[in-house]
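Let me begin by presenting the structure, written as structure tokens, before commenting on it.
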Amino acid sequence: MDAIHIKFMKLALKEAAQARQKYEVPIGALIAVESGKILSSAHNQVISLADPTAHAEILAIREAAKKIQNYRLLKTTLYVTIEPCIMCMGAIIHARISRVVFGANDPGWGAAGSLYSLADDMRLNHRPEMVCNVCNDECKNIIQTFFREKRNKIF
């Protein structure tokens, strides 16, 4: 596995931990350019912002686009702890992100191979490269633990 992917996924996991501390679904994301410079990082804030679009990926995309003053995030890689949903994959495609690296699959909502495969749809004008299962066990563990605790009303 590419060491740079692991390095950036560990940073995305730190973002996920921040979401967990706020009782948000623990998903973290960051966007890096080819040189390795991080443009943005974010975590889920759906509850705290009362915004159903405040997924980690969307917030990272917004921050990166604002930073470079361009909605097209060409030659960038998005790292996210969980497979992006349909909404997030739509934003990824519109932003022209070159590559998506994610940790764990999401069989209930995943739009990068689990439920849908938007990056493989030849009808779309942009298809990001997909890299999956980077730090899979850690990414799966943080989200499974969160929902287990939620079901058991630990918080």
Side-chain angles (χ1 to χ4, degrees), residues 2 5 8-20 22-33 38-68 70-151:
D2 194 340
H5 291 340
F8 285 136
M9 190 60 70
K10 298 277 187 187
L11 294 173
L13 279 160
K14 286 183 181 182
E15 284 288 337
Q18 288 182 45
R20 167 66 180 87
K22 298 175 183 177
Y23 306 106
E24 297 272 3
V25 175
I27 299 173
L30 66 88
I31 296 176
V33 296
I38 296 172
L39 284 180
S40 63
S41 61
H43 53 272
N44 271 15
Q45 295 186 60
V46 173
I47 297 166
S48 55
L49 295 177
D51 179 355
T53 70
H55 290 197
E57 302 96 318
I58 300 293
L59 297 174
I61 289 168
R62 287 176 184 161
E63 182 183 333
K66 187 174 184 179
K67 184 177 269 184
I68 68 167
N70 193 333
Y71 75 97
R72 288 192 172 171
L73 301 174
L74 305 172
K75 299 181 181 179
T76 60
T77 299
L78 169 72
Y79 293 86
V80 61
T81 55
I82 300 296
E83 178 182 1
C85 70
I86 299 165
M87 173 184 68
C88 292
M89 279 302 297
I92 289 162
I93 291 165
H94 279 289
R96 309 298 197 279
I97 291 172
S98 300
R99 178 184 306 118
V100 177
V101 178
F102 67 89
N105 292 336
D106 185 351
W109 288 96
S114 291
L115 191 58
Y116 299 100
S117 296
L118 292 182
D120 295 331
D121 192 327
M122 298 304 287
R123 297 169 295 180
L124 299 174
N125 66 341
H126 177 72
R127 288 173 297 285
E129 173 192 349
M130 303 304 297
V131 179
C132 58
N133 297 319
V134 175
C135 302
N136 178 59
D137 291 341
E138 293 160 273
C139 292
K140 192 184 308 183
N141 183 54
I142 192 170
I143 202 155
Q144 286 178 340
T145 300
F146 173 81
F147 283 114
R148 187 177 314 112
E149 290 173 351
K150 192 168 180 157
R151 279 191 302 278

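The number of heavy-atom neighbours closer than 6.0 Å to NZ of Lys22, taken from other residues, nucleotides and ligands shown, is above 12. Counting heavy-atom neighbours within 6.0 Å of Lys67 NZ, excluding the residue itself, gives a total above 12.
Atom NZ of residue Lys14 and atom NE2 of residue His43 lie 14.5 Å apart, to the nearest 0.5 angstrom. Between the CD1 atom of Ile97 and the OG1 atom of Thr76 there is a distance of 4.5 Å, given to the nearest 0.5 Å. A distance of 5.5 Å separates CG of Leu59 from CD of Gln45, quoted to the nearest 0.5 Å. With values rounded to the nearest 0.5 angstrom, Asn133 atom CG is found 5.0 Å from Asn105 atom CG. Note that CD1 of Ile31 and OG1 of Thr77 are 9.5 Å apart. Values are rounded to the nearest 0.5 Å. Note that CD1 of Ile143 and CG of Asn44 are 8.0 Å apart. Values are rounded to the nearest 0.5 Å.
Partner of Met9 under the side chain to side chain contact (heavy atoms under 4.5 Å, CB included) criterion, chosen from Asn136, Val131, Val101: Val101.
A donor-acceptor pair under 3.5 Å is absent between the side-chain atoms of Glu83 and the main chain of Phe102, judged by distance alone. Formation of a donor-acceptor pair under 3.5 Å by the Glu57 side chain with backbone atoms of Ile92 is not found in this model.
Of all heavy-atom pairs between Ala12 and Tyr79, the closest is CB-O, 4.3 Å.
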